[in-house]
Protein chains: 2
Amino acid sequence: MTVNRAQQKEKTRRLIIDAAFRLLSQERSYSSLSLREVAREAGIAPNSFYRHFEDMEELGLTLVDEGGVALRQLMRRARQRIRDEGSVISASVETFMEFIHSSPQVFYLLLRERSGTSMAFRKAVSRELQYFIVELADYIQQTQGYPAADAKIQAEAMVILVFNAGADALDCKPAELKQLTDKAITQLRYIARGADEFLKGRRSESKKSASRSDK
Amino acid sequence: MTVNRAQQKEKTRRLIIDAAFRLLSQERSYSSLSLREVAREAGIAPNSFYRHFEDMEELGLTLVDEGGVALRQLMRRARQRIRDEGSVISASVETFMEFIHSSPQVFYLLLRERSGTSMAFRKAVSRELQYFIVELADYIQQTQGYPAADAKIQAEAMVILVFNAGADALDCKPAELKQLTDKAITQLRYIARGADEFLKGRRSESKKSASRSDK
DNA sequence: ACTTTAAGTATACAAGTGTACGCTGAAAAT
DNA sequence: ATTTTCAGCGTACACTTGTATACTTAAAGT
């Protein structure tokens with residue numbers, strides 16, 4: 001049986017991508033990986049790498065894109081959970097914590113490259129996080145009726161805090177995980193409540209609006 | 001004139017430390033520096049490095065400690081400014097933004113090693129940030145009268161947001177800096193207000209307490 | 001005055017890196 | 001049936017890295 005050439009190429013490309021993800025860990029950042037190391041892990045010759053990516057940066061940006069896909073799947077799961085539980089905040093935080101433990105490599109990548117040395121990487125990660133922020137901002141805007149700008153500022157703060165709680169979660173013992181989750185939930189509730197107090201004056205004439213931000 | 005041997009050694013040690021800081025930039029993280037590179041920048045032979053530090057990790061931890069000193073000086077400046085301006089939040093955020101632009105290298109180090117691959121580094125940075133958090137938590141506790149645990153959760157959220165705003169500030173054009181600062185201030189005000197709303201119920205019997213968290 | 005100590009150096013080596021060059025073999029195009 | 005294309009490989013080269021060993025030399029200790 002003759003395999004399609006393009007199919008074979010795609011297969012090798014996957015080998016490289018998977019190898020790179022496999023090499024990421026708490027002790028190993030993407031920027032510390034060498035081309036030869038990735039090739040070795042993928043089971044190909046160093047030079048074969050160039051048939052698929054210009055250089056390590058191009059591979060890295062591809063990984064960030066793939067990470068973004070995983071993040072958006074996460075969002076879908078979180079949305080489902082919000083419908084089930086009713087509380088946006090705790091559902092989101094808990095879903096995110098589960099994600100970090102099920103796909104730590106993706107999180108390592110995003111966490112570190114977000115503040116890394118490559119502008120291209122920082123922008124790529126930032127773009128992926130914007131999906132989260134915009135989606136959350138929309139939700140806030142719809143349920144709370146805040147102006148778009150204010151909703152986004154609030155959403156951004158929330159995403160940053162959840163992200164940071166995730167980073168802490170990687171270092172902590174499983175026993176402390178719940179405590180950490182609760183802390184993040186509390187912090188997000190402060191924000192939700194504070195924003196509500198600040199903004200309810202501005203929409204006092206509008207009479208619809210449910211005034212509480214999280215049950 | 002004969003110079004004291006210990007003095008000379010200390011001088012060379014400083015050369016190394018300063019060289020390492022000088023090499024840090026938006027494009028260069030500490031973990032990407034090589035021993036030889038630092039030695040070259042310091043103007044000494046590679047092997048001389050070992051007369052002062054066991055390895056690059058030890059030097060790095062020293063840099064974090066020095067960064068901590070800079071941070072605590074910053075806190076002092078912020079405290080002064082709070083007295084002058086009256087608003088804790090805007091004074092703190094603005095002081096921090098100025099710090100980032102006057103000592104970017106220190107900030108690069110703390111920002112990246114905070115989520116880096118070395119547990120020792122992460123702990124060291126975390127310890128330095130705790131000074132900030134504890135100090136801010138004390139202030140909140142004293143002025144607002146919240147329980148210590150709640151004050152700390154609030155302080156932590158605030159420090160994380162300011163830190164992240166700082167990271168964004170490094171990438172943005174000077175024109176957008178004010179906008180970014182204002183955003184962070186707004187986020188911190190949400191937290192302060194939200195925490196106040198959540199906690200004022202609990203201290204309803206106490207009659208002293210000024211209820212507003214920021215002027 | 002002599003010896004000891006130790007900061008700084010020069011040389012050297014093994015290991016790892018990115019990548020240029022040329023080849024192979026099989027799939028695709030003609 | 002013949003030619004072209006191209007994914008993957010082997011070899012090679014110039015570099016950089018950490019660090020071991022052995023040295024110099026001037027300060028400190030005796």
Side-chain angles (χ1 to χ4, degrees), chain A residues 1-25 27-63 112-113 116-121, chain B residues 1-25 27-63 112-113 116-121:
Chain A
M1 169 208 169
T2 66
V3 283
N4 188 306
R5 186 136 86 177
Q7 282 175 352
Q8 178 53 43
K9 180 166 186 184
E10 183 53 35
K11 224 171 178 175
T12 308
R13 187 185 147 96
R14 268 252 70 81
L15 281 181
I16 296 174
I17 292 174
D18 291 346
F21 267 124
R22 235 176 296 131
L23 288 171
L24 295 181
S25 72
E27 294 81 25
R28 216 79 167 64
S29 72
Y30 181 77
S31 53
S32 80
L33 299 184
S34 74
L35 185 151
R36 287 178 105 105
E37 207 172 354
V38 172
R40 216 177 299 133
E41 175 76 22
I44 62 169
N47 273 331
S48 302
F49 181 95
Y50 295 111
R51 303 285 183 200
H52 303 271
F53 302 97
E54 178 89 4
D55 51 25
M56 283 293 284
E57 167 149 313
E58 195 177 307
L59 169 60
L61 293 175
T62 306
L63 295 191
R112 292 191 178 125
E113 300 313 323
T117 51
S118 155
M119 171 107 248
F121 274 55
Chain B
M1 168 205 168
T2 66
V3 283
N4 187 304
R5 186 136 87 176
Q7 283 174 352
Q8 179 53 44
K9 181 166 186 183
E10 182 53 34
K11 222 168 177 177
T12 307
R13 188 184 146 95
R14 268 252 70 81
L15 281 180
I16 296 174
I17 293 173
D18 292 346
F21 267 124
R22 233 175 299 131
L23 288 171
L24 295 180
S25 72
E27 293 80 25
R28 216 78 167 65
S29 73
Y30 181 77
S31 53
S32 81
L33 299 184
S34 74
L35 186 151
R36 287 178 104 105
E37 207 172 354
V38 173
R40 216 178 299 134
E41 175 75 20
I44 61 169
N47 273 331
S48 303
F49 182 95
Y50 294 111
R51 303 286 182 197
H52 303 271
F53 302 97
E54 178 88 4
D55 51 24
M56 283 294 284
E57 167 149 313
E58 195 178 305
L59 169 60
L61 293 176
T62 305
L63 295 190
R112 292 190 179 125
E113 299 313 323
T117 50
S118 155
M119 170 110 250
F121 274 55

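Below, chain A is the first sequence line, B the second, and so on; all start at residue 1.
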Q. By a strict heavy-atom criterion of less than 4.0 Å, which residues belonging to residues 48-62 of chain A are in contact with DNA chain D?
A. S48(A), R51(A), H52(A)
Q. What are the two closest non-hydrogen atoms of A6(A) and N4(A), and how far apart are they?
A. N-OD1, 2.7 Å
**Q.** Which residues share a ring-ring contact (aromatic ring centres under 6.0 Å, His included) with F21(A), sequence neighbours left out
**A.** none
Q.
On DNA chain D, does the nearest nucleotide to L33(B) precede the nearest nucleotide to A6(B) from the 5' side, or the other way round? Give the residue.
A. L33(B)
Q: Starting from C1' on dA6(C), measure out to CD1 on I44(B) and report it in whole angstrom.
A: 15 Å
Q: Would you confirm whether Y30(B), through its side chain, and G60(B), through its main-chain N or O, come within 3.5 Å as a donor-acceptor pair?
A: yes
(Q) Can you pull out every side chain to side chain donor-acceptor pair (under 3.5 Å) where at least one residue sits in residues 53-63 of chain B? Sequence neighbours excluded, please. (A) none
Q.
Both N47(B) and R5(A) contact DNA chain C. Taking the nearest nucleotide for each, which residue is further toward the 5' end?
A. N47(B)
Q.
Rounded to the nearest 0.5 Å, what separates atom CD in E113(A) from atom CG in L24(A)?
A. 8.5 Å
Q) Who are the side chain to side chain contact (heavy atoms under 4.5 Å, CB included) partners of N47(B), not counting sequence neighbours? A) Y50(B)
Q.
Could you check whether any side-chain heavy atom of M56(B) comes within less than 4.5 Å of a side-chain heavy atom of L59(B), counting everything from C-beta outward?
A. yes
Please output the side-chain donor-acceptor pairs of residues 8-20 of chain A that fall under 3.5 Å, not counting sequence neighbours, one pair per line with the distance.
residue : atom : partner : partner atom : Å
Q8(A)   : NE2  : T12(A)  : OG1          : 3.4
K9(A)   : NZ   : R51(A)  : O            : 3.3
T12(A)  : OG1  : Q8(A)   : O            : 3.2
R14(A)  : NE   : D18(A)  : OD1          : 3.4
R14(A)  : NH1  : E66(A)  : OE2          : 3.3
R14(A)  : NH2  : D18(A)  : OD1          : 3.3
R14(A)  : NH2  : E66(A)  : OE1          : 3.1

(Q) Please check this pair: side chain of R112(A) against backbone of G116(B), looking for a donor-acceptor N/O pair closer than 3.5 Å. (A) yes
Q: Quickly work out the R14(B) CZ to dG8(C) C1' distance and round it to whole Å.
A: 19 Å
Q | Between P of dA28(D) and NZ of K9(B), the distance in whole Å | A | 13 Å
Q: Calculate the interatomic distance between N4(A) atom CG and dT5(D) atom P; express it in whole Å.
A: 18 Å
Q: Figure out the CD/C1' separation between E10(B) and dA6(C), and round it to whole Å.
A: 16 Å
Q: Indicate whether OP1 or OP2 belonging to dG8(C) is found under 4.0 Å from a side-chain N or O atom of T12(B).
A: yes
Please list each protein N or O that sits under 3.5 Å from an N or O in nucleotides 13-17 of chain C, with the distance.
residue : atom : partner : partner atom : Å
dT17(C) : OP1  : S34(A)  : OG           : 2.7
dT17(C) : OP2  : R40(A)  : NH2          : 2.8

